[in-house]
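Only one structure is covered here, and it is reproduced in the block below.
All ligand and atom numbering here is 1-based and tracks the order in the structure.
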Amino acid sequence: MKYMDMIVSETLRKWPAAITTDRMCSKSYTIEAVNPGEHAIHLKPGDVVVVPINGIHRDSKYFPNTDTFDPERFGDENKGNIKPYTYMPFGLGPRNCIGSRFAILETKTIFFYMLSKFNFVAIDKTQIPIKLCRKNLNPVGENGMWIGIEPRTN
Ligand code: HEM
């Protein structure tokens with residue numbers, strides 16, 4: 001089940017179901033300018049900061065060859081290279097997703113049983129590579145997500 005775990009982790013990196021999360025500031029804080037031309041940002045209590053989960057997961061600074069679906073990123077050899085706070089499909093900190101373990105268990109259980117009985121195959125309606133719907137902030141295929149399911153014979 002180790003490889004299944006790597007597949008689920010990489011899927012949630014490339015296609016996080018929640019593309020952003022947010023936090024409301026409880027105290028003042030200044031984010032200093034780092035690069036030329038930037039200005040410091042002064043946050044005050046009540047300001048909302050949006051965390052672009054999808055943008056961070058797709059930043060090649062943190063995940064090289066970012067468009068490549070590569071479960072090995074989460075393998076034993078490589079997972080230690082993932083910089084803290086750059087991978088957050090379930091958010092982070094004390095208000096992270098309360099259902100994360102359940103969601104992962106459910107996903108793995110469904111795929112385990114489905115894959116033990118069926119093959120998943122591309123069909124005419126399957127879009128490769130998939131294009132995302134521009135009208136939806138969440139990762140949804142512009143023509144839906146179509147896949148064929150055929151019974152396994154061995
Ligand atoms: C793949 C499935 C799921 C994903 C990707 C997901 C993702 C997230 C994310 C990103 C957050 C915000 C965390 C943060 O801001 O730090 C969140 C919060 C939350 N999620 Fe999930 N979630 C999933 C499934 C579930 C399930 C199955 C449940 C319940 C059984 C659940 C219950 C919650 C609750 C209650 C919160 C709010 C936690 C709080 O504010 O303290 N989620 N989730």
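Between Met1 and Phe112, some side-chain heavy-atom pair lies under the 4.5 Å cut-off.
Cation-pi geometry between Arg73 and Phe63 is not satisfied (NZ or CZ under 6.0 Å from the ring centre, within 45° of the ring normal).
The shortest non-hydrogen separation linking Thr30 to Ala40 is CG2-CB, 4.0 Å. A pairwise comparison of heavy atoms in Met145 and Pro139 identifies CE-O, 3.6 Å as the closest pair.
One hydrophobic cluster holds both Met4 and Tyr113 under the rule that ILVMFWY side chains link at heavy-atom gaps under 4.5 Å.
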Let me check something: any side-chain donor-acceptor pairs from residues 123-135 under 3.5 Å, sequence neighbours excluded? List them with distances.
residue: Thr126; atom: OG1; partner: Ile123; partner atom: N; Å: 2.8
residue: Thr126; atom: OG1; partner: Ile123; partner atom: O; Å: 3.2
residue: Thr126; atom: OG1; partner: Trp146; partner atom: O; Å: 2.9
residue: Gln127; atom: OE1; partner: Lys131; partner atom: N; Å: 3.0
residue: Gln127; atom: NE2; partner: Glu142; partner atom: OE2; Å: 2.9

If you look at each N/O of ligand 1, which protein N/O atoms lie under 3.5 Å away, and at what distance?
residue: ligand 1; atom: 15 (O); partner: Thr21; partner atom: OG1; Å: 2.5
residue: ligand 1; atom: 15 (O); partner: Arg23; partner atom: NH1; Å: 2.7
residue: ligand 1; atom: 15 (O); partner: Arg23; partner atom: NH2; Å: 3.2
residue: ligand 1; atom: 16 (O); partner: Arg23; partner atom: NH2; Å: 2.6
residue: ligand 1; atom: 16 (O); partner: Leu92; partner atom: N; Å: 3.1
residue: ligand 1; atom: 16 (O); partner: Leu92; partner atom: O; Å: 3.4
residue: ligand 1; atom: 16 (O); partner: Arg95; partner atom: O; Å: 3.4
residue: ligand 1; atom: 40 (O); partner: Arg95; partner atom: NE; Å: 3.2
residue: ligand 1; atom: 40 (O); partner: Arg95; partner atom: NH2; Å: 2.9
residue: ligand 1; atom: 41 (O); partner: Arg95; partner atom: NE; Å: 2.6
residue: ligand 1; atom: 41 (O); partner: Arg95; partner atom: NH2; Å: 3.4

